[in-house]
Amino acid sequence: MVFSPSFSLPISAPILHVLPDSDPPYNLLRCHPSLNLLSKCKNTQNLRQVHSHIIKTGLHNTQFALSKLVEFCVVSPFGDLSYALLVFESIEEPNQFIWNTIIRGHSLSSSPIRAIAYYVRMILSGMEPNSYTFPFLLKSCVKVAATHEGKQLHAQILKLGVDSDPFIHTSLINMYAQNGELDNARLIFDKSALRDAVSFTALITGYASRGCMDDARRLFDEIPIRDVVSWNAMISGYTQCGRFEEALTIFQEMQEANFPPNDSTMLTLLSACAHSGSLELGNWVRSWLEDHGRGSNLQLVNALIDMYSKCGDLDTARDLFNGINQRDVISWNVMIGGYSHMSHYKEALALFQIMLRSNIEPNDVTFLGVLPACAHLGALDLGKWIHAYIDKNFHNLTNISLWTSLIDMYAKCGNIEAAKQVFDNMESRNVASWNAMISGLAVHGHAHMALEFFSRMANEGFKPDDITFVGVLSACNHAGLLDLGRQYFNSMIRDYKISPKLHHYGCLIDLLGRAGLFDEAKTLIENMEMKPDGAIWGSLLGACRVHGRVELGEYVAEHLFELEPENPGAYVLLSNIYAGACRWDDVAGIRTKLNDQGMKKVPGCTSIEVDSVVHEFLVGDKVHPLSKDIYKMLNEVDRLLDLAGFVPDTSEVLYDMDEEWKEGALSHHSEKLAIAFGLISTKPGTTIRIVKNLRVCRNCHSATKLISMIFNREIIARDRNRFHHFKDGSCSCNDYW
DNA sequence: TTAGGGTTAG
C-alpha cells in the first residue's frame with residue numbers, strides 16, 4: 001500500500017470485536033480514530049486506506065462506521081458515489097440512515113432521478129422512509145423537473161403524516177414552485193401554519209422565476225422575521241427580472257435596517273452590476289469585500305471578473321483572473337464568456353486554448369462562451385472539435401442552449417447541413433432553437449426552407465417571437481420575396497400581436513427599396529412608431545445606388561449624415577451613386593470631404609481558418625509569414641482570370657478609395673488574399689470558407705465566381721449580411737445581395 | 001444515534 005506523505009494512519013487504533021447489527025456504545029464509535037481520519041481524506045487513495053483501516057480494526061461490523069463511510073463518499077468532493085454504492089451493496093440490511101444517505105448521494109449526482117429508484121428499493125425492502133428521506137427526494141424532482149414523481153411523493157408524505165415537518169413543507173413548496181406549479185406551491189404555503197423565512201423565501205423565489213416580482217414583494221413584506229437569504233432572494237429576483245434599480249433599493253433597505261449582508265449578498269449584487277453595467281457599485285462591492293477580508297474568496301473573485309468584463313473593463317477583469325492562485329472552471333468560464341460578450345472573440349479563443357493546455361476540463365458553460373466566438377470568426381474546425389468533445393464527454397446532456405449554440409455556430413460558419421443535423425438530433429427544442437435554424441437558413445439564402453421551418457414550428461405548438469420574425473423577414477429579404485415579406489410582416493402584427501421593431505421594418509424597407517418601390521418604402525418610414533435608424537436609411541441608400549436614384553440618394557444621405565456623422569459608409573455609398581451617374585466632380589467632392597474630416601472607412605478584413613488556426617487578412621496585407629507565396633498565387637489568379645476574359649468592375653472605386661485603391665486596381669482586396677492563401681494551403685478540391693467583415697464588393701463577387709470555376713473549388717463566403725456559396729462559376733445569392 | 005428546506009457563473 002502506498003502512503004502519501006501528508007497522510008498517515010494511527011499505529012494503535014482500538015480493535016473492536018462486535019457482532020453485526022449490534023453497534024457498541026456510540027461515544028466509543030463517534031470519536032474512533034479511523035472515523036476521524038475520514039475528514040482528512042483528500043483523494044480516493046486516502047479513502048481506500050481508511051476503509052482498510054476500518055476493516056482491520058473491526059469497525060466494518062458496525063452500521064455506524066459504514067454509515068459514516070458512505071456519508072463521506074456521498075458528500076465530500078473527494079469521495080465518489082460508486083464507491084458508496086459498493087459499500088452499500090455489501091451491507092445486508094442497511095439502516096434508515098444509510099438508505100437516506102444513498103438517496104441523498106443520488107440527489108447530488110449527475111442523474112438525480114436515480115434517487116427515486118433507490119427510494120422504491122427502500123420501500124420494497126421493508127424499510128420505512130422518515131422525514132429526512134423526502135427533502136432529498138424532492139430536491140431530485142426539482143433538478144430533473146419531475147413534477148409527476150413529486151406529486152406521488154407528496155401523496156406518500158400525506159399518508160405518512162410528515163407534512164408538518166418544516167423541512168418537508170419547504171421542500172414541497174420549492175418542488176411545486178420550481179416546476180412551474182405556483183398555484184400548488186401557494187396552496188401548501190397558505191394551508192399550513194408553518195411560516196418561517198425559509199418557506200416564504202421558497203415561494204418568493206418561485207414568483208421571481210415567473211417574473212411576478214410584485215407578488216414576491218408582497219410576500220417579502222409579510223415575513224415575520226426576515227433572514228439574510230430572504231433579502232438576497234429579493235435582490236436576486238429583481239435582478240433576474242431586469243429590475244436593477246429595485247434590486248439596489250432592496251439592498252439599500254437592507255442597509256438601512258442594519259441587516260448585515262453576507263458573501264451571497266455581494267454575489268447577488270455583483271450579478272446585478274454585471275447585468276446593468278453599474279461599474280460604480282461594482283467597485284464599491286470590491287472595496288467592501290477587501291475591507292471585510294473576503295477579497296481572495298474564489299467565488300467572489302469570479303463574480304468580480306464577471307462584473308468587470310460585462311461592464312466593459314476587460315483589463316481589470318483579466319488582472320483579477322491572472323491574480324488567482326487556483327482557478328476553477330468558473331474562473332475560466334467567466335473570463336472567456338466576458339471576452340465573447342464584449343466581442344473580443346480572438347481573445348476568447350486564445351484563452352480557451354490556454355485553458356485546454358492547462359488541463360482544465362471545460363463544461364457546457366465554457367462552450368456557451370466559446371461557440372459564439374467560433375461563430376463570429378468562422379472557426380469551423382474548432383467548432384467541430386467542440387461538437388465532437390460534447391458527443392464524447394457529455395452523455396445525456398439536455399442543455400438546449402448548448403445545442404442551439406452549436407446550430408448557430410454551424411450556420412454562421414457556413415455549414416448549414418451540419419446545423420440542420422444538430423437540430424434534427426435534438427431531443428427537445430425551444431423557440432431559440434427554431435429561431436437559430438430559421439435565421440441560419442435565411443442567411444444562406446434558403447428562403448423557402450426557412451419558411452417551411454416556420455410553419456413546422458407553429459404546427460409543433462411553438463409560439464414565434466419577434467426574433468423568429470427577424471429570421472423569417474430576412475429570409476424573404478435575402479431571396480427578394482417581396483410579396484411574401486409583406487404578408488409575413490402583416491401577419492406578425494395581426495395574428496401574432498407582435499409590434500414591429502426597427503429590425504422588422506429594416507427588412508421590409510430593404511425589400512421595397514431593392515424592388516425600386518421607393519414611395520411605399522417612404523410611406524412605411526413615415527408611419528413607423530419610432531425614428532428610423534442608420535441601418536434603415538443605409539439600406540435605402542444602397543437601393544438608390546442599385547436603381548441609380550441620385551436625387552433621392554442625396555435626400556436619404558442627408559438623414560444618414562445627420563444620424564451618423566462619423567460613419568464614412570454613407571459618404572462612400574453616395575459617392576458610388578455619383579460614380580454610377582458619371583458625376584465625377586461630385587465623387588471628387590466627397591473624397592475631399594472625407595479627407596478633410598479625417599474619416600477613414602473601416603478596413604476590409606477577411607479571415608480564413610486552416611488547420612484550426614484563424615488567419616486574418618487586411619487589404620493589401622503583407623504581414624503573413626507566407627506573404628510571398630500568397631502574392632505569387634494572386635498573380636496566377638489574376639493571369640487566369642484575365643485569360644478567362646474577366647473585366648474588373650471599377651464602378652465602386654471610391655468604396656475602396658484609401659488603402660485599397662492605392663494598392664493598385666482591386667486585386668488585393670482582403671477576400672482575394674484569403675482565397676489565395678486558401679488555394680495554396682489546402683488540398684485541391686477542398687472547400688474554402690472565408691469570413692469578411694464588410695459586404696463583398698461587386699468586383700470580388702464576379703471574380704470569386706470565376707475563381708470557383710477555374711480552380712474547381714467551392715468557396716463559401718460570409719459577408720456582413722449573408723452567405724455566398726460560389727460553385728462552378730455562379731453564386732447561391734443569384735447576384736442579389 | 002450521525003442528516004434534511006429557501007439566495008449564489010449563462
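Labels below follow one simple rule: chain letters A, B, ... track the order of the sequence lines, proteins then strands, and each chain is numbered from 1.
Taking 3.5 Å as the limit, the base of B/dG6 and the side chain of A/T205 contain no donor-acceptor pair of atoms between them. Between the side chain of A/S236 and the base of B/dT7 there is no donor-acceptor pair of N/O atoms closer than 3.5 Å. Evaluation of atom-type donor-acceptor distances gives a pair under 3.5 Å for the side chain of A/D196 against the base of B/dG5. A donor-acceptor contact under 3.5 Å is formed by the side chain of A/N100 with the base of B/dA3. A donor and an acceptor atom sit less than 3.5 Å apart, one in the side chain of A/S67 and one in the base of B/dT2. Under 3.5 Å, the side chain of A/S171 and the base of B/dG5 form no donor-acceptor pair of N or O atoms.
Closest contact between the side chain of A/F136 and the listed nucleotides B/dG6, B/dT7, B/dG4 involves B/dG4. Side-chain atoms of A/S264 lie closest to B/dT8 of the nucleotides B/dA3, B/dT8, B/dG5. Nearest to the side chain of A/T170, among B/dG6, B/dG10, B/dT1, sits B/dG6. The side chain of A/N130 lies closest to B/dA3 when the candidates are B/dG5, B/dT2, B/dA3.
As a whole-Å value, the separation of A/Y132 OH from B/dA3 C1' is 6 Å. Atom CG in A/L138 sits about 15 Å away from atom P in B/dG4, given to the nearest Å. The CD atom of A/Q178 sits 11 Å away from the C1' atom of B/dT7 (whole-angstrom rounding). When the P atom of B/dA3 is taken as reference, atom CZ of A/F72 falls 16 Å away, rounded to whole Å.
Counting heavy-atom neighbours within 6.0 Å of A/E361 CD, excluding the residue itself, gives a total of 12 or less.
Side chains of A/D408 and A/S405: a donor-acceptor N/O pair is absent below 3.5 angstrom, by distance only. Between the side chains of A/R318 and A/N322, at least one donor-acceptor pair of N or O atoms lies under 3.5 Å.
At the phosphate of B/dG10, OP1 or OP2 sits under 4.0 Å from a side-chain N or O atom of A/K310. Note on A/K68: every side-chain N or O is 4.0 Å or more away from OP1 and OP2 of B/dT1. One finds no side-chain N or O of A/Q240 lying less than 4.0 angstrom from the OP1 or OP2 phosphate oxygen of B/dA9. Applying the 4.0 Å criterion to OP1 and OP2 of B/dG6, one finds that A/S230 has every side-chain N and O outside that range.
In this structure, A/F167 forms no aromatic stack with the base of B/dG5, since the conditions of centre separation below 5.5 Å and plane angle below 30° are not both met. For the pair A/F97 and B/dT2, the ring geometry qualifies as stacking, because the centroid separation is below 5.5 Å while the planes lie within an angle under 30°.
Here A/A197 lies in heavy-atom contact (under 4.0 Å) with a base. Contacts of A/S131 with the nucleic acid, taken as non-hydrogen atoms under 4.0 Å apart, include base atoms. Here A/N363 lies in heavy-atom contact (under 4.0 Å) with a base. Among the protein residues, A/D165 comes within range of the nucleic acid bases, having at least one heavy atom under 4.0 Å from a base atom.
If you check residues 312-337 of chain A against DNA chain B, the residues with a heavy atom closer than 4.0 Å are A/I330, A/N333, A/V334, listed by number.
A salt bridge links A/E253 with A/R217; the closest basic N to acidic carboxylate O contact falls under 4.0 Å. Taking the charged nitrogens against the carboxylate oxygens, A/R121 and A/E89 do have a contact shorter than 4.0 Å, which makes a salt bridge. Under 4.0 Å is where a charged nitrogen must lie from a carboxylate oxygen, and between A/R186 and A/D215 no such pair does.
For the pair A/R327 and A/F321, the cation-pi criterion (under 6.0 Å, within 45° of the ring axis) is fulfilled. The cationic atom of A/R218 (NZ for Lys, CZ for Arg) does not lie both less than 6.0 Å from the six-membered ring centre of A/Y207 and within 45° of the ring axis.
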